[in-house]
Protein chains: 4
Amino acid sequence: MTDLAALTTAVRQFAHERDWEQFQDPKSLVLALTGEVGEVAELLQWVRAEEVVERFSTPERRARIGDELADVLLYLVRLADVLGVDLGAAGEAKLARNHERFPVAGDDSVVGVAPHKA
Amino acid sequence: MTDLAALTTAVRQFAHERDWEQFQDPKSLVLALTGEVGEVAELLQWVRAEEVVERFSTPERRARIGDELADVLLYLVRLADVLGVDLGAAGEAKLARNHERFPVAGDDSVVGVAPHKA
Amino acid sequence: MTDLAALTTAVRQFAHERDWEQFQDPKSLVLALTGEVGEVAELLQWVRAEEVVERFSTPERRARIGDELADVLLYLVRLADVLGVDLGAAGEAKLARNHERFPVAGDDSVVGVAPHKA
Amino acid sequence: MTDLAALTTAVRQFAHERDWEQFQDPKSLVLALTGEVGEVAELLQWVRAEEVVERFSTPERRARIGDELADVLLYLVRLADVLGVDLGAAGEAKLARNHERFPVAGDDSVVGVAPHKA
């Protein structure tokens, strides 16, 4: 069980103890988030799509990519906190809205249909 | 209180009900994550660093950026799930390791010092 | 024929005429670059890897993704200019170095072998 | 003088000689692009906005960030090529269109006004 609110408090305190709030303005945190997403991308960019899950199923590789996903999470949590956003509530609200936007029955059912943009 | 494990299950079920697992391989999910981080970046790219927090403090703008941060969270949660990574545990483990890497006392104290890469 | 130096001058003048240099500091430009890469990602995230090239081979879709790639290029050119980097020279130098790093003959030949990171 | 078309040919040949076309589908290349933009972001994320240009004005640091910008350029050039997009033409066309979208005179003049999204 990992509560996002508790994690938010822990990450906030981590920054505070190091006097790092001065560096962690939202733009800098989005850059940090970009950097970490980039590291995730680099880990799997040249692996064939259908082989990624198996490739990262060894303990070492799973820990490696888990480590990068953790960095993304920590910066995301910190960014939301600095912006005064309740990340957990926002995530739950968005998922609820997605349930309405993408119905599973009826004429506009999206079952098996990807929402392409172009 | 938002438990990451419960959110993971909810997002997994959302994908399953729509038969979207077929589209959500890890590479596609990293691209989706990139897209959502890009939307966050676009919201604040031209705002002066010292004005971002105030600018996004109105209910409408906070909801707007919260909505984008929620998208990042949902794809991150889904990506970790598809890769078999326990995101909450990974986040907590990384934060614990960061406490060791960046000490707040002693000769290598990082208090007030940003970890520049260049 | 598109000369990167000429394009750099044109983009610089475009910013100058609009008095936009004040917004185009490097960090803001990297955020803009992130936003545009994100838009490219969104266009193809749910398309199967082996179907992307065909999907974007119609004139409309090719123009659509070309438009997003153009945005990436323009911000990249501007970012390099603001940082005093000769982008064309840097690109050519990097390509030359890559020729040395990734030999096509001998024991360390990389022919047909992707440089995986994990 | 660096011609984008000539650079495109050189990068294509580089991939061909190494038999790397098999890895360089568009989705993989967007991930690679994301990775390189992430490396640029990491270089300047904790530097104060008004100090970035000076910080990267030393020969070593300029070369360092120029090297990362070069990686972004090379993957962008390759991605456009794989998609059949004439990147230079697309960039010039977009810049021409931007001249129309953002007029410098009249009631809708954008001089000194950043195009905020929220």
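All figures in this text were calculated on a predicted structure; none of them were measured in a lab. The figures that follow rest on heavy atoms only: side chains count, while hydrogens, waters and symmetry mates do not. Here is how names work: the chains are called A, B, and so on, in the same order as the sequence lines, proteins then strands, and each is numbered from 1.
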Return the minimal non-hydrogen interatomic distance between [X] and [Y], and the atom names on each side.
X       : Y        : result
D:Trp20 : C:Val113 : NE1-O, 3.1 Å
D:Met1  : C:Asp3   : CA-OD1, 3.5 Å
C:Leu83 : C:Pro26  : CD2-CG, 3.8 Å

Query - Stepwise side chain to side chain contact (heavy atoms under 4.5 Å, CB included) test for D:Phe56 and D:Arg62 - result: CA-CA 5 Å; D:Phe56 287 94; D:Arg62 181 169 291 165; 5.6 Å; no
Against chain D, label [X] side chain, backbone, both or neither, depending on which of its atoms sit under 4.5 Å from a heavy atom there.
X        : answer
C:Phe102 : both
C:Glu17  : both
C:Leu4   : both
C:Asp67  : both
C:Leu74  : side chain
C:Ala63  : neither
C:Gln45  : backbone

Query raised in the report: With chain C, which of D:Leu7, D:Asp25, D:Leu31, D:Leu69 has the greatest number of heavy-atom pairs at distances under 4.5 Å?
Result: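 So the answer, after comparing D:Leu7, D:Asp25, D:Leu31, D:Leu69, is D:Leu69.
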Report task. Would you mind telling me which of D:Gln22, D:Glu92, D:Glu21 has the largest number of heavy-atom pairs within less than 4.5 Å of chain C? Result ->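 Of the candidates given, the most pairs with chain C belong to D:Glu92.
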Picking from [options], which has the most non-hydrogen pairs under 4.5 angstrom with chain D?
options                             : answer
C:Asp86, C:Val77, C:Asp71           : C:Asp71
C:Ala70, C:Ala93, C:Ala10           : C:Ala70
C:Gly84, C:Ala6, C:Gly66, C:Ser28   : C:Gly84
C:Val11, C:Leu73, C:Val30, C:Val53  : C:Leu73
C:Gly38, C:Ala49, C:Ala89, C:Ala5   : C:Ala49
C:Val110, C:Val85, C:Leu44, C:Val52 : C:Val110

Report task. Please confirm whether D:Arg12 makes a cation-pi placement over D:Phe14, using NZ or CZ under 6.0 Å from the six-membered ring centre and within 45° of the ring normal. Result ->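 No cation-pi geometry.
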Query raised in the report: Distance from C:Tyr75 atom OH to C:Leu29 atom CG, nearest 0.5 Å?
Result: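 The CG atom of C:Leu29 is 7.5 Å from OH of C:Tyr75, to the nearest 0.5 Å.
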Query - With D:Asp81, the side chain to side chain contact (heavy atoms under 4.5 Å, CB included) member among D:Thr9, D:Leu76, D:Thr8, D:Leu87 - result: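 In the set D:Thr9, D:Leu76, D:Thr8, D:Leu87, the residue that makes a side chain to side chain contact (heavy atoms under 4.5 Å, CB included) with D:Asp81 is D:Thr8.
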Query raised in the report: Are C:Gln13 and C:Arg18 close enough, and set up right, to give a side chain to side chain contact (heavy atoms under 4.5 Å, CB included), and what steps lead you there?
Result: CA-CA 9 Å; C:Gln13 190 174 338; C:Arg18 282 152 190 79; over 6 Å; no
Requested in this report: Verify side chain to side chain contact (heavy atoms under 4.5 Å, CB included) between D:Glu68 and D:Val72, making sure each step is shown before the conclusion.
Outcome: CA-CA 6 Å; D:Glu68 300 300 348; D:Val72 177; 5.8 Å; no
Query raised in the report: Thinking salt bridges, do C:Arg64 and C:Glu60 make one under a 4.0 Å N-O criterion?
Result: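 So C:Arg64 does not pair with C:Glu60 through a salt bridge.
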